[in-house]
Each structure stands twice: as structure tokens, then as C-alpha cells.
Amino acid sequence: MQFTNTKDYALQLDREDPLKGCRDQFIVPREEGREQIYFLGNSLGLQPRNARAEIDAILQQWSDYGVEGFFRGKTPWMDYHDQLTKPLSVIVGCKPQEISVMNQLTVNLHLMMVSFYRPAGKKIKILCEAKAFPSDQYMFETHVKHHGYNPDNVLIEVKPRDGEQLLRKEDILSAIETHQEELALVLLGGLNYYSGQVLDMETITRAAHAAGIKVGFDLAHAAGNIPLSLHDWDIDFACWCSYKYLNAGPGAMGAVFIHERFHQDPEIHRFAGWWGYQKDKRFKMEKGFLPIGTAEGWQISTPSLFLYATQKAALEVVENAGWEQILQKQKKLTAYLWLMLDDLNAALPEERKIRIITPRNEQERGCQVSLLFPENGRAIFEFLGKNGIMTDWREPNVIRMAPVPLYNRYTEIWTMKECLQKMLAI
Ligand SMILES: Cc1ncc(COP(=O)(O)O)c(C=O)c1O
């Protein structure tokens, strides 16, 4: 992509943006009368304007029908789930019946471990990433202890080589090969929360399957951000949250992908509840668990309709914009951000250059860019904040920013660059 480095050009890109109307469908927080430049879609996506109406519709149905709302009204609550899985299946690349929207991400990771981590004989180990998101680390630690193992003996952590920030694919593949006799599971972050690196999930899955090992991914930072083909890549399971790039609100319901080959596998273990019971027989209240024959068979409890509602609202915005269009803009917007960063760096002496940890190759990254500052990182982060540019800070010296295609503009990136330029005195 060829960009010109002027403000007029940024304005032109905004004018020509086929998704420019989408921003108005979100509520952008304001500070001192000005809209924030919100680059925190990797943390909590903004509120879609239609979320309130969707919540109101649940309240209305509740007031109109009471418990009968599960079976009556415009959208009976019993079938509400189907309205989420259809648009989600386009975003994550699978069949609607391979998705179950339920619980929260870490809870779902535990539930997937119940089904897919079945240590036996010598095969008791798990390949994961060093410094995985803390919740995943605690999940691994406690889950493994629950099986009676010492995490130090069971968890094999792949890490970047000395002096490097990113995982090398060959190191992951070689760890799978080296430990294949002992591995029961490979469970990695598909897009690393710190570096923004996307893993080659298809190749990793193929290598693990060749050695008879199950494979899952935490897609918290990938779902709604990058193209995924979970079904075709043959991944066994994946979990994600919906409050980042899926804009479903704080504490929104998470979701799981479970490959269809497991749906009716009588050997698969799970922790069950009545919401995963076959719908036509659920209210017979009989003994003996009969799961729904899709990923919905992993549901446990009555879902929160209010959380379904915000997710439905957010997915409608994606459907109207078109997932392919969103991905196109994601590429262009991020490429533009890189141009601005390169431009800044070109003016800085070697020792003050900003180190971009995130891979440059567009196949290996999404919206997020992680910047390592050799000095004054914290002060720079605060300066951006004072100027209404919202990014996030990760110790020891990293600013993460994620311009997202649905509501960010090229001119916001331009403004951020001007602000950094001022701060860095270049
Ligand atoms: C990669 C990753 N895994 C797990 C979590 C935890 O998610 P939850 O609090 O929804 O369980 C997060 C939260 O941001 C995350 O980024």
C-alpha cells in the first residue's frame, strides 16, 4: 500500500473510507467536550448505540410475558442463541453449530480443559506459552493441580529466544516434536496479548495432530480482529471473550468453538448442566444427562439475556458493515499506523528509536501494535492520555495501541503521530 505522509492525505483516506459511517454507530467517550482518540479496542471495545435498545427489548419482553418470554414475543429467548452463532461463525470461520456463547473466557478454558486435557500414561504434559496472560497461567496451574500433578513437571513453556520478543514458529514445532510422547495438549494464545503476534494456528494444529495431540487456542485478542478459519484449520477447540474487538461490553459473555467431530462423541467428558440438555426433553426433568448434539451441549446454566442482547447489538454492526470490508480496513489502517511510526523513527537517533515488538508482516499481526520505548515510556503514555489519546501501558516499557476499523479514523492516527512527535521533540 502506498501512502502519502500529510494530514490532507489522512483526511482523504477518511473521506474515501467505505466504513466511515460505522463510527456513528458507537458512542465515543468525550473528554472536555472532545471525543477521545480511543485506541483501546484491544481492551474494551466501545459501546454500540443499539445496545441499549436490545437490552430494552429484553426488559420489555420480561415485562410483557414474564417467564413466557422464553417462548413468546418477537425473539423467544429459547432461540436467542442462534442469532449470535450465525454472525459469529462468519467472524471465526466455522459452522454456527460449532459455537456456544456462554460464561466467560477463563471459565470456558477450564471447561475445555475438562473435555480436551485427558492425561493418561506418559501423555500428561501441556505445551503453552511462557508469560501467557495471567488468567491462563492460573487456569493451567490450578487445573493441573486438580489432576494431582505438579505444574512444574507438566507445563512446557515455549518462549522467545534470548534477546527476542516473539515466538518462532520453528521453536513451537520443534517443542511439539521433542515432547510428542509426553504431550496431551497444546494450548496457546492465537494472538499474543503483549506483543500482538499472531501464530500460524493451522501449521501448529497440523503438527500436533500428526503426533496425536489435541490443540486449542485462546483467541481473546484474535476474535473480531483477524481472519480465522477455525473449522478448516481443524483446531479442536478455541475460547474467546467478546468485550474486546467484538464490542459486546464489559463482562460480556465469552464463547467457545468446538470442532463438530466431538459433538456426539460418547467418549468426551464435560461438566454438564441443564442448559446443555436436549431442548425437546429438557423440561421432562429426567435423570441422566443427554447433551444437545452441537457445541451448545457444553452449556451449563441459564444464560443472561442481557448479555446476549449486547452481543447481538454488536454483531449486527459487524454484519451490516460486512466482515470482509472490516478486514480490508483493518489492513489499511494498521499499514497506515506503521507508516507513521516508521516516519517518527526515521527522525530519531538510533538510541532513541521506538522498537516495534509486533511483527511487521500483516499475516502475523492484527490491529494492535506494541511499542517498546527505550526511555520515558511512562511519561509518553501519560502525555498521550492528557491529549485525549487513549492507549495502554504494560510494564516495563510498552505502550499498546489498537486502532480498530469499526470506529477509528486515519486522522486519529495522524494526530497521535503529531502528539508523539511533539513529546519526542522531533
Ligand atoms: C489472552 C487473555 N486470556 C484470558 C483473559 C481473561 O478473560 P476473562 O476475564 O474474560 O476470563 C484475557 C482478558 O483480557 C486475555 O486477554
Side-chain angles (χ1 to χ4, degrees), residues 1-26 28 35-43 45-46 48 87 90-93 190-192 195-198 221-229 244-247 314-315 317-346 354 356-371 384 389-391 399-421:
M1 258 170 261
Q2 280 299 320
F3 293 115
T4 311
N5 194 358
T6 62
K7 180 158 191 191
D8 279 348
Y9 188 67
L11 285 163
Q12 184 190 331
L13 288 172
D14 279 336
R15 268 195 311 274
E16 291 169 356
D17 174 8
L19 295 184
K20 62 175 178 253
C22 289
R23 181 183 172 94
D24 295 338
Q25 295 173 46
F26 290 88
V28 182
E35 281 182 339
Q36 284 180 355
I37 294 184
Y38 192 84
F39 289 156
L40 287 171
N42 58 327
S43 183
L46 290 181
V90 175
I91 297 171
V92 300
L191 194 159
N192 185 274
S195 65
Q197 179 186 16
V198 175
H221 289 260
N225 178 8
I226 58 167
L228 296 164
S229 297
K244 298 179 186 294
Y245 298 98
L246 290 169
N247 306 312
L315 288 168
V317 179
V318 174
E319 267 193 307
N320 291 339
W323 180 232
E324 274 310 313
Q325 292 263 52
I326 294 172
L327 289 174
Q328 287 308 318
K329 180 170 168 193
Q330 187 258 80
K331 278 192 202 155
K332 201 165 165 182
L333 196 66
T334 323
Y336 182 72
L337 171 62
W338 278 76
L339 175 88
M340 294 298 124
L341 294 169
D342 285 347
D343 192 56
L344 277 172
N345 262 341
I354 308 166
I356 307 174
I357 302 176
T358 311
R360 183 169 284 266
N361 174 358
E362 70 176 29
Q363 315 295 330
E364 293 178 65
R365 61 169 160 84
C367 298
Q368 179 186 318
V369 177
S370 305
L371 307 175
L384 288 173
I389 301 166
M390 313 312 287
T391 60
I399 294 177
R400 300 185 307 172
M401 54 178 75
V404 302
L406 277 174
Y407 47 78
N408 284 124
R409 294 177 171 146
Y410 294 91
T411 39
E412 292 181 309
I413 296 176
W414 172 267
T415 306
M416 182 276 299
K417 178 219 151 186
E418 291 226 294
C419 189
L420 271 182
Q421 219 160 3

Trainee: Does the pair E16/K332 count as a salt bridge with the N-to-O cut at 4.0 Å?
Mentor: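 So E16 does not pair with K332 through a salt bridge.
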Trainee: Work out which heavy atom in L337 is nearest to a heavy atom in M401; give both atom names and the distance.
Mentor: CD1-SD, 4.1 Å
Trainee: What are the two closest non-hydrogen atoms of S43 and K244, and how far apart are they?
Mentor: O-CG, 3.5 Å
Trainee: Determine whether R400 and S370 make a side-chain contact, defined as any pair of heavy atoms from C-beta on separated by less than 4.5 Å.
Mentor: yes
Trainee: Can you name the nearest heavy-atom pair linking P359 to S195, along with the distance?
Mentor: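 Shortest heavy-atom contact: CD-O, 4.4 Å.
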Trainee: If you take all heavy atoms of A10 and Y410, which pair is closest and at what distance?
Mentor: O-CB, 3.8 Å
Trainee: Would you call Q363 and V198 a side-chain contact if the rule is heavy atoms closer than 4.5 Å?
Mentor: no
Trainee: Quick one: does L371's side chain get under 4.5 Å of I356's, heavy atoms only?
Mentor: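 They are in contact (side-chain heavy atoms under 4.5 Å apart), so the answer is yes.
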Trainee: Give, for atom CG of L40 and atom CG of N408, the distance between the pair rounded to the nearest 0.5 Å.
Mentor: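 CG of N408 is found 9.5 Å from CG of L40.
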Trainee: Would a distance-only check, ignoring hydrogens and angles, find a side-chain to backbone donor-acceptor pair under 3.5 Å from N192 to Q197?
Mentor: no
Trainee: Just wondering, more than 12 heavy atoms not from K7 lying within 6.0 Å of its NZ?
Mentor: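 No.
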Trainee: Do the side chains of K20 and D14 get nearer than 4.5 Å, heavy atoms only?
Mentor: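 Result no, sub-4.5 Å side-chain heavy-atom pair not found.
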Trainee: Among N42, I326, L191, V318, which residue meets the side-chain contact (heavy atoms from CB on, under 4.5 Å) test with Y245?
Mentor: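 Only one option passes, and that is N42.
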Trainee: Can you confirm whether H221 sits close enough to I226 that some side-chain heavy atom of one is under 4.5 Å from a side-chain heavy atom of the other?
Mentor: no
Trainee: Restricting to non-hydrogen atoms, name the atom on R23 and the atom on Q36 that form the minimum distance, rounded to 0.1 Å.
Mentor: NH2-O, 4.3 Å
Trainee: Report yes if some heavy atom in the side chain of L46 is under 4.5 Å from a heavy atom in the side chain of L406; otherwise report no.
Mentor: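 No. Closest side-chain heavy atoms not under 4.5 Å.
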Trainee: Could you measure the distance from the NZ atom of K417 to the CD1 atom of I389? Nearest 0.5 Å is fine.
Mentor: 12.5 Å
Trainee: Just verifying a value: how many Å separate Q368 CD and T334 OG1, rounded to the nearest 0.5 Å?
Mentor: 10.5 Å
Trainee: When rounded to the nearest 0.5 angstrom, what distance separates CG in D8 from OG1 in T411?
Mentor: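 With rounding to 0.5 Å, CG (D8) is 11.5 Å from OG1 (T411).
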Trainee: Does a side-chain N-to-carboxylate-O contact under 4.0 Å join D342 and R360?
Mentor: yes
Trainee: Is there a side-chain contact (heavy atoms from CB on, under 4.5 Å) between F39 and L384 once you walk through the steps?
Mentor: CA-CA 11 Å; F39 289 156; L384 288 173; over 6 Å; no
Trainee: What's the spacing between C367 SG and K329 NZ if we round to 0.5 Å?
Mentor: 10.0 Å
Trainee: Out of curiosity, L420 CG to L341 CG, how far, rounded to the nearest 0.5 Å?
Mentor: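 Separation between the atoms: 7.5 Å.
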Trainee: List the residues meeting side-chain contact (heavy atoms from CB on, under 4.5 Å) with A223, not counting sequence neighbours, and say none if there are none.
Mentor: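 side-chain contact (heavy atoms from CB on, under 4.5 Å) list for A223, sorted by chain: V92, W240, L246.
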Trainee: Would you indicate whether the side-chain heavy atoms of W338 and T358 approach each other to under 4.5 Å?
Mentor: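 Yes, at least one pair of side-chain atoms sits under 4.5 Å.
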Trainee: If every non-hydrogen atom of W414 is compared with every non-hydrogen atom of M340, which pair is closest and at what distance?
Mentor: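 In terms of heavy atoms, the two residues are closest at CE3-SD, 3.9 Å.
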